[in-house]
Amino acid sequence: MPSLLSITPILIFLALCYALLCTASPYGACRKCKGWGHKIHQSRAGRLKRGRQCRRCAGYGRRLRIGRRVYNGASRLHHDGTR
């Protein structure tokens, strides 16, 4: 079993990679509609048909990543605290 000391650099590297991802691309595809913005249904004839608008992403198909949400909250807290 590896020790905590040998795993720490890997965890720090993964955290930095996720932080760079949240900086470069703050929005990800919505998990509910898979980035379409609406549900896809099959009609009786077997053709794909657009369904109702996704409630989670309001039809945009994108969602704010958790890391970016944490960064925005910390930034807002810092801004409000230094006024």
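Only heavy atoms go into these numbers, but all of them, side chains included; no hydrogens, no water, no symmetry mates.
- Within a 6.0 Å radius of NZ in Lys34, other residues, nucleotides and ligands contribute 12 heavy atoms or fewer.
- Minimum interatomic distance between Ser43 and Lys49 (heavy atoms only, all atoms of both residues): CB-CD, 4.3 Å.
- A heavy-atom distance below 4.5 Å is found between the side chains of Lys32 and Arg55.
- Around the CG atom of Leu64, the shell of radius 6.0 Å holds more than 12 heavy atoms that belong to other residues, nucleotides or ligands.
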For a quick test of your reading: what N or O donor-acceptor pairs under 3.5 Å do the side chains of residues 8-22 make, sequence neighbours left out?
| from | atom 1 | to | atom 2 | distance (Å) |
| --- | --- | --- | --- | --- |
| Thr8 | OG1 | Leu4 | O | 2.6 |
| Tyr18 | OH | Gly67 | N | 3.2 |

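- Between Cys33 and Gly61, the shortest heavy-atom distance links the atoms SG-CA, 4.1 Å.
- Using modelled atom types, no side-chain atom of Arg63 and backbone atom of Cys30 make a donor-acceptor pair closer than 3.5 Å.
- Closest heavy-atom contact between Arg68 and Pro26: CG-CB, 3.7 Å.
- How far CZ of Arg65 is from OG1 of Thr23: 10.5 Å, rounded to the nearest 0.5 Å.
- Using a 4.5 Å heavy-atom threshold, the side chains of Arg56 and Arg31 count as touching.
- Atoms OH and CD, on Tyr60 and Gln53 in that order, are 8.5 Å from each other to the nearest 0.5 Å.
- Rounding to the nearest 0.5 Å places CG of Leu48 at 6.0 Å from CD of Gln42.
- Between atom NE2 of residue His78 and atom CG of residue Asp80 there is a gap of 10.5 Å, rounded to the nearest 0.5 Å.
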